[in-house]
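Lettering of chains follows the sequences in order, A, B, ..., and the numbering in each one begins at 1.
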Protein chains: 2
Amino acid sequence: MKNDDRTTPASPVTARNEGRRPLTLRDVSEASGVSEMTVSRVLRNRGDVSAATRERVLETAKRLGYVPNKIAGALASSRVNLVAVIIPSLSNMVFPEVINGISHVLEDTELQPVLGVTHYQPELEEKVLYEMLSWRPSGVIIAGLERSEASRAMLLNAGIPVVEIMDVDGDAVDSVVGISHWRAGREMAQAIVDGGYRRIGFLGTKMPRDHRARKRFEGFTETLSKAGLEVEDQEYYEGHSGFAKGREMTARMLERSPDLDFLYFSNDLIGAGGLLYCLEKGIDIPDRLGLAGFNAVELLDGLPRKLATMDSCRRQIGEAAAKVIAEHAGGNGGGASAGAERIVLTPKLTYGDTLRRG
Amino acid sequence: MKNDDRTTPASPVTARNEGRRPLTLRDVSEASGVSEMTVSRVLRNRGDVSAATRERVLETAKRLGYVPNKIAGALASSRVNLVAVIIPSLSNMVFPEVINGISHVLEDTELQPVLGVTHYQPELEEKVLYEMLSWRPSGVIIAGLERSEASRAMLLNAGIPVVEIMDVDGDAVDSVVGISHWRAGREMAQAIVDGGYRRIGFLGTKMPRDHRARKRFEGFTETLSKAGLEVEDQEYYEGHSGFAKGREMTARMLERSPDLDFLYFSNDLIGAGGLLYCLEKGIDIPDRLGLAGFNAVELLDGLPRKLATMDSCRRQIGEAAAKVIAEHAGGNGGGASAGAERIVLTPKLTYGDTLRRG
DNA sequence: TTGAAAGCGCTAACAC
DNA sequence: GTGTTAGCGCTTTCAA
């Protein structure tokens, strides 16, 4: 981290600040007998200031408990070290990890992530984006490639680096970092076919909103159909993922279509629920029935059997996206991106104990 | 949501904004032939503006793709509708739910949450807090009651409502919303004792940093000792929680102390790992061995047996905290809190299938 | 190495 | 209902 000798106040005042006016540079200036400008320089480590003055200013600022007003600073310098991070949800395991990746990289930077959540609603995305852009951030990291025309226009016009993450199947506004969900679906289908499975069911979210799940499904069916197969049964759910959901769906599907020999789940959580259900029912896995999920959620390591899955490279995506922003935002405020980047990561297939190898 | 007819640009410009100067109020003013002030009024829905002017301004702003500069607005009005939300981690299941609660309540408000993550490091908390306060937010929601003197001083001096969340066992800077972890520990201990268990093991995080886990443990041992019992064995871990961790720890502990008849886990995730391990080993649960966790993580519903646990009221805490902020920040910028609130929620014990009733 | 002046883009307060 | 003026608290720029 740069700028480490910021003035974090020691323990100056003990009484509660009852609506007192916040301290300004001027207060520090007067208390230390140095011009505002010099105080400003000390606090930002800019320009040459004599060691003595420096000491005095730092001491005063700390004693008073001065906290700079970034609003004024940002307005004056038209430099805002904020990165807007816009994601659909915090509830599933995937985005928190992306955020961790982003934070991790930005920690070595002056940039700070600011989070917005859209709940998979394009209108809300539009609102959140507008709100965040009105703070003139140094960059935007935003999930997905599908969005309203208005949102796209805002991104295009923002004049700051934009990284669309998670998905690379489509047209990006600027840079993009992610995996091909379409390909992930294809590869899983191929592995399933190679494993000798023939009667396949799909269990997932209602997809109109979750484009990445949809693309995986499309890739999946496409590869199946090349092998002369098709998805024989499907089951969808709404609401939060969880084991219980996976169980119920699996139960319903196997009751309806007892002859299926493979279940492809749109995420590991419901997949794990399905797995637990099948184990309880004494179903022979992976021979009588194979199972696979998606995401490679780490917390699930330790299930009775390891669920076949595919890594969604969440943390790496976050890291790579943050790097792109850090590099492109290097310029001053207002500058546009140097050049759009396209970073495609390759998810790794894990066979685990629920997918027979071909 | 208020202020719904903001000017989200339609799809005005199609070319990428290559470092063009962002539009200002003045641009809209000139393009619409109305004073800046009137444009400002229209865009904020303040004061009386004739329907005709209003229309014209709105249309122009939209056509141009104008996005207001909140930095300037905030500086001029000393009103920032941001709420700093500072939490230790996103990786476990608990804080995302708190955040959802906060967002949900703030959605009906002009306030917007801004997230900071501290990774359970007091120094980082200090830094994040300083950083956020320098944006002069309307309020702060911050996890825990234990923090550095400097952080406490900053909160005290900020002159804005502060809500410390999750925990109520200790001294709050201002308002506080949470549960008593100490009491949660006591209650679980009591239930265990009442269930007839006598030889108890504890499995949890290394606690120097996780004060809430520590308080639960303290309450736990205290109640045990009143019953003439003590924790017979302990096992600690670092890093992310997950089933695998729970399994390993459980295996180690049962090998070392095969006579234990109850295992108390500091969270549901490792508890679930332990449960899976025990089931595999054919251990009779809950009679030969009882198990309990903490948090009431919803996604785990659907395990082969329902783990005994205690609700940490995460979402409610988020909601209540946001309400406190929304009410207290009602005043203008700079005003201090109306009066500190103290909201103590009561976690509910779930016996599930792993804790025998007394 | 330090200081003085100007102004970032907006809004409060007051005039008209 | 609309416009004008004067800042908000900083940083940029230039002068000393």
Between [N] atom [atom2] and [X] atom [atom1], what is the distance in whole Å?
X	N	atom1	atom2	result
Arg46(A)	dT13(D)	CZ	P	12 Å
Glu55(A)	dT1(C)	CD	C1'	16 Å
Met37(B)	dT4(D)	CE	P	12 Å
Arg79(A)	dT11(D)	CZ	C1'	9 Å
Asp48(B)	dG3(D)	CG	P	14 Å

- Determine, step by step, whether Arg44(A) and Ser40(A) satisfy the side chain to side chain donor-acceptor pair (under 3.5 Å) criterion, reporting the C-alpha distance in whole Å, the side-chain angles of both residues, the deciding distance to 0.1 Å, and the verdict. CA-CA 6 Å; Arg44(A) 287 176 300 139; Ser40(A) 168; 2.9 Å; yes
- Query: Less than 4.0 Å between a side-chain N and a carboxylate O, is that true for Lys127(A) and Glu123(A)?
  - Reply: no
- Message: Just to be sure I understand the rule, does Arg41(A) reach a base, reach only the sugar-phosphate, or reach nothing, if contact means heavy atoms closer than 4.0 Å?
- Response: base
Within the structure, does a side-chain N or O atom of [X] lie under 4.0 Å from either OP1 or OP2 of [N]?
X	N	answer
Thr53(A)	dT2(C)	yes
Ser50(A)	dT2(C)	yes
Thr38(B)	dG3(D)	yes

- Message: If the test is salt bridge (Lys or Arg N to Asp or Glu O under 4.0 Å), which one of Lys62(A), Arg63(A), Arg56(A) qualifies with Glu59(A)?
- Response: Arg63(A)
Output a table of nitrogen or oxygen pairs between the protein and nucleotides 8-10 of chain C separated by less than 3.5 Å.
unit_1  : atom_1 : unit_2   : atom_2 : d
dC8(C)  : O2     : Leu75(A) : O      : 3.4
dC8(C)  : O2     : Ala76(A) : N      : 3.2
dG9(C)  : N2     : Ala72(B) : O      : 3.2
dC10(C) : OP1    : Tyr66(B) : OH     : 2.4
dC10(C) : OP1    : Asn69(B) : N      : 3.4
dC10(C) : OP2    : Leu25(B) : N      : 2.5

- Message: Apply side chain to side chain donor-acceptor pair (under 3.5 Å) to residues Asn45(B) and Arg54(B) and explain how you reach the verdict.
- Response: CA-CA 9 Å; Asn45(B) 285 328; Arg54(B) 195 186 144 69; 3.2 Å; yes
- So do Ile325(B) and Ile141(B) actually touch side chain to side chain, heavy atoms under 4.5 Å? yes
- Task: Go through the structure and list residues passing salt bridge (charged side-chain N to carboxylate O under 4.0 Å, His left out) with Glu30(A), not counting sequence neighbours.
- Result: Arg26(A)
